[in-house]
Amino acid sequence: MIHRAWLRNQGLPGDVFDGRPVIGICNSWSELTPCNAHLRDLAQHVKYGVLEAGGVPFEFPVMSLGETVMRPTTMLYRNLASMEVEESLRASPVDGVVLLCGCDKTTPAMVMGAASVDLPTAVVSGGPMLNGKFQGRNIGSGTSLWTMADDVRAGRMGLDEMLSAEAGISRSAGTCMTMGTASSMAAAMEVMGLALPDNGAIPAVDSRRQMLARETGRAIVGLVEAERPLSSIVTRASFENALRVNAALGGSTNVVIHLLAIAGRLEISLTLDDIDRLNRDIPLLANIMPGGAYLMEDFYYAGGVAAILRELGRHIDGNAATITGTLADTLSGVRNWNDDVIRPLAKPLKPEGGVAVLRGNIAPDGAVIKLATIDPALQRHRGPAVVFDGVADLKARIDDPALPVTADSVLILRGAGPRGYPGMPEAGSLPIPRKLLEQGVTDMLRLSDARMSGTSGGSVILHAAPEAAAGGPIGLIEDGDIIELDVSARRLLLDVPDAELERRKRAAPRSWAPVYTGGYADLYTAHVEQADKGADFDFLKGRRGAQVPPAH
Ligand code: FES
């Protein structure tokens, strides 16, 4: 009686408690997460669908992670938000859940939490913003912003122009309209079968996004009635398909880290070696920034994720499950409507679009590089290191005219990994030093234990593991050491004899004091795993289920 009586204060008639499916709508809406600020509207459409299918919906909030405004970095809070989702779901009397997510970390956080509980689960992503516009041309959030920031630093763009671009870049509700982390993860949700077809691409303000939300509300009721938990949909095949599609999309390097973490929650074996293998023979098909020229609106009109799946054909396991059937079922009638935006498999934009996993004495546990955006001239490279110890050191010295740097140098940032910062910020796409920008240099090799924004590009090696703060060899590099990269051999070497590295380790043991400490940050640094394991907390891995002991 107490459960029913209190819930009825929202105007619910008594017969809604007749045993029909109770659906939680787990919402990461927040005005401080601009990319998710429209999700309360979308939740309404999920509710309509739940009611139409005979369920009863309850919307509830969880911690939201606004990529552009949170400090010191949203990744610090991904695991915290996942804990909130997990505990909210387990503690609440819901039979199934629809996750409303969008901005970069909200998707993995919510899916990680839901995976540990393993109820019937569906995802609705917020969808991308309309194309950015400036001076009659398209501009992409993130990607164009980084370029314009360099233009401002090099004196090629004035303040007025910058402010005008600022007003035109985010013209509507939604997530970044490049193939950044939000769009890459939304595509992964579609491919992994947790979201309905077109979830990966419909613009946030297109009415078809609301229709998708409504249909998801109907679908989740069916999932509950069929007793199909999340783990019955997402299998090893789902991860393999998602990684191959991410390669064809030229998607975010962050997808690697998030999928490793989700697999860890589901107790599915997935390693960096698997990821390298799955990416190897997949060309870049999506001509979308940052690896291409178009934006997400164009991608949707060209056919979206389904058209990519169709192009990939034999590379995809069509038997993989979705919330409505199989992946193959979703592809009937799908066509590629614009083969410049979505390239056919026989005419790709680049021969490889995914992520290569590099190994060697700098990163014994692996590092990643985005093949869609690497300068071909830098795929094999030897150059002297210019080392920065942490983000503050980088900011203080990168534009120093006396910095001993040339276009052949390799910029190194360390102390910015999961434990070191803490939270592994998106600082890995180090800015080109101003004096090189002024010489016309637009790309150079960069290496770090940090991450980078999915909207970033360039020749950037990321996620070096172990990180410096965990004793990784990246912490032993000195200015002038020669760094050698050979992408085709997947090799990343520090050309310094082992004996000298041993000497450095003994001579100058370093401590990498985190810039942010106390409270939750201390829990984070004590329990976060390295990037090659997905940077989840050691105590959160695995499926703990939905059961709780009775309260009374
Ligand atoms: Fe939210 Fe890019 S900042 S999706």
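Read the numbers this way: they start at 1 and go in the same order the structure lists the ligands and their atoms.
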Seminar exercise, completed: Exactly one of L358, V355, L260 clears side chain to side chain contact (heavy atoms under 4.5 Å, CB included) with L272, and that residue is L260
Exercise. In terms of side-chain heavy atoms, does D41 have a donor or acceptor partner in Q210 at a distance below 3.5 Å?
Worked result: yes
For this session: Flag the pair Y524 / Y516 as yes when their ring centroid distance falls below 6.0 Å, and as no otherwise.
Result: no
Donor-acceptor pairs are to be reported for all side-chain atoms of residues 119-128 against protein atoms at under 3.5 Å, with residues two or more places apart or in another chain.
residue	atom	partner	partner atom	Å
T121	OG1	L119	O	2.7
S125	OG	N199	ND2	2.9

Exercise. Is there a donor-acceptor contact under 3.5 Å from the side chain of T73 to the main chain of L76?
Worked result: no
Exercise. Which residues and atoms, counting only protein N, O or S, are under 2.8 Å from atom 2 (Fe) of ligand 1?
Worked result: C176 SG
Problem set entry | Residue pair D389 / W512, side-chain heavy-atom distance below 4.5 Å | yes
